[in-house]
Amino acid sequence: MKGLPLKPKFVAGIAVLALALAYMIYAGVTQSAVYFVTPSELHTAAKTGKAYRLGGMVEKGSVNWKPATLDLRFTLSDGQAKVPVRHHGTAPDLFGEGRGAVVEGTWMSEGYFQATLIMAKHSEEYKAPHDAASPGYQELMKSLRSDQK
Amino acid sequence: MTFVRRAWAVVWKDVLAERRSKETVNAVLFFSVLLLFVFEFTLGADRDRLASVLPGLLWLGVLLAALLGLGRSFVLERENECWEALLLTPGDKSAVYVGKLAGNLLLMALVEAVVLTLFTLFMNVDVGRALPGLLLVLALGTLGIAAVGTLFGAMTAHVRARELLFPVLLLPVLVPVLLAIVKSTEALLAGEPLGVVSHWLKLLVAADVIYVVVGLLTFDVLLEG
Amino acid sequence: MTRWLGVVAMLGVLAGLVMAFLVAPREMTQGNVQRIMYVHVPAVWVAYLAFLVVLLGSVAYLWSRAPAADRTAHAAAEVGVVFLGVNIATGAIWGKPTWGTWWTWDARLTSVAVVFVIFIGYLLVRQMTDDPERGARFAAVVGIVGALNIPLVHFSVYWWRTLHQPPTFAKPGPAAASSAIGAALLVNFVGLLLLCAYFIAKRYDLLRAQQEATA
Amino acid sequence: MTSDHWGFVAAAYAVAVLALGGYWRRLVHLERTLKTPTLRRRRSAGR
């Protein structure tokens, strides 16, 4: 078996493998799928009791947190629509007003979103303090949804 | 003999042996029926919850049955001391791979037909309109599972603790295929058109091509024993 | 030679630590906890490069049956698993304060975990095979399947769900991280890459010594 | 502004040092057993 000659079978096989991998990577990079619904999308087709992942920006001035009862309420927005969210428990550090967040939970018939898990969305940018330019709203929404890229 | 005829000889041998003993098919089919019981007992009380996890359960059933069946295919060759005979196959050894793969596909198709029927009957799955798309997903997914399963089955037949190592090797490699079939089954059963899951179909095609080609190229290395 | 590589790697890692803690600034939104990134992110890059070495070594071994190729693949797989383990552990520790959870089944975490398990399988096959030559052949097949599977795992899990910042550097266009942070990341990457190369070289030497001792 | 979580940073780097250092120690240990002729047979038989 030593010093195997370059059989046509291997050449063809490796070429097909390379093609399949390239195709996979191409399909993967160009695929744009939605990983979570936005508040507007939720409003147009909300099913009560169905589990959703909802992503948006936490509205300024909407966070209402009662440490005694661990009751957290806030509003997620995408610029057009707003969804009131309720959660029982603490929120992660990066969670804050004017920042992106993704919540998992269900849409309740009472007209609010009951979250079982709150995840603060990382910005894709790591910034040193001095080049701080607070990202605009559009940019933040874009970074929230840019996972599709 | 041509490549196809050599592969066919392997399939025919396996089908014939199975038809006489009926060991694997009987055990695997009975196992999948038992799985239905287990699913019903552990999750059955809540119809709504069952409906939401059904695509996962369906595939879990097929997968567990496949693990049993695929693992046996080469162990039988070894136990019956037929390995040397396989090794003596003239010409390109990948014909043996194709033959074994075809045999395993037959077995899995049988299991899937049974599991799907049982699910429609006992768990009120409405397959109906989704069936053509579902069959496509099923076919692509099965090919992927069987391609890696046949390759790794030939390998683990020679390894200590093979019952353990076979699933341990197979399952993580098959994660992409599993995600693709479960997610597309979910979408199709929810009444979505096939276009919605086109990216999963692309992934399945790419995975099938990669697994089968790697299987063809490396099988003789494993057949050395 | 391996020893000198070790010395250079040590210096590289020290330089990385200096960059991570003394040069890089406090990150704006996350604060100092972001400094975990300087070990977390390079570790996964290094691990994936190690798995590329596994692929090349495995193909070369099946091709030539040269024990050297097998030793390279074996050493690289072991070291890659160690680095990927570091990546997963530091990621969990980073995730707790920033996301609020140690572990979430998000895309990159899951895909890294799956790759981790695949290569543990690679090492297990070797361990569970009595004949080392047979183990080498079997492991090579697992290594090839496992490495080629990485893009499939990546995209499938990515489509399944995602909640992780997109890669900071893999993206075309201007680098998103500010320059000092990027520089620190790069130095740490080079440091860990040297460490990885040193580990692989040392493991390779040991494997050869072991084989010579038993032969 | 978010707090710094130095504890988490320390934990992460400690874990990294433990894992990488532990692997290095394992390699050194292996090297020593291979170099010691009396120990070699016993140790390698155990492996």
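Just so it is clear, the structure is predicted and the values come from calculations on it, not from any experiment. The chains referred to below are lettered A, B, ... by the order of the sequence lines, with proteins before strands, and numbering in each begins at 1.
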Please classify the contact between Leu178(B) and chain C as side chain, backbone, both or neither, with a heavy-atom cut-off of under 4.5 Å. neither
Are there more than 12 heavy atoms of other residues, nucleotides or ligands under 6.0 Å from atom CD of Gln211(C)? yes
Name the orientation class of the two ring planes belonging to Trp45(C) and Phe189(C) (parallel below 30°, tilted from 30 to 60°, perpendicular beyond 60°). perpendicular
Taking the six-membered ring where the residue is Trp, are the ring centres of Phe119(C) and Phe51(C) under 6.0 Å apart? yes
In Å and rounded to the nearest 0.5 Å, what is the CD1 to CH2 distance from Ile181(B) to Trp200(B)? 10.5 Å
What part of Ala207(B) gets within 4.5 angstrom of chain C, counting heavy atoms only: side chain, backbone, both, or neither? both
Bottom line for Val214(B): the part with an atom under 4.5 Å from chain C's heavy atoms is side chain
Between Val125(C), Ile120(C), Val115(C), the one whose heavy-atom pairs under 4.5 Å with chain B are most numerous: Val125(C)
Arg126(C) side chain vs Gly135(C) backbone, donor-acceptor pair below 3.5 Å: no
Specify which of Leu203(B), Leu151(B), Val182(B) makes the most heavy-atom pairs with chain C at under 4.5 Å. Leu203(B)
Chain C contacts, top residue of Leu165(B), Val148(B), Val177(B), Leu171(B) (heavy-atom pairs, under 4.5 Å): Leu165(B)
Backbone N or O of His40(C) within a donor-acceptor pair of the Asn87(C) side chain at under 3.5 Å? yes
Intermediate values then yes/no, side-chain hydrogen bond (donor to acceptor under 3.5 Å, both in side chains), Asn149(C) and Tyr211(B): CA-CA 9 Å; Asn149(C) 211 31; Tyr211(B) 297 154; 2.6 Å; yes
Output the option from Thr218(B), Val173(B), Val175(B), Ile210(B) having the highest count of non-hydrogen pairs under 4.5 Å with chain C. Val173(B)
Against chain B, work out which of Asp131(C), Ile118(C), Leu148(C), Val145(C) has the most heavy-atom pairs shorter than 4.5 Å and name it. Ile118(C)
Among Leu76(B), Leu70(B), Leu68(B), which residue satisfies the side-chain contact (heavy atoms from CB on, under 4.5 Å) criterion with Arg72(B)? Leu76(B)
Phe219(B) portion near chain C, given a 4.5 angstrom heavy-atom threshold: neither
So for Leu169(B), is it side chain, backbone, both, or neither that comes closer than 4.5 Å to the heavy atoms of chain C? side chain
Option in Val117(C), Leu124(C), Asp130(C), Thr129(C) with maximal non-hydrogen atom pairs under 4.5 Å from chain B: Asp130(C)
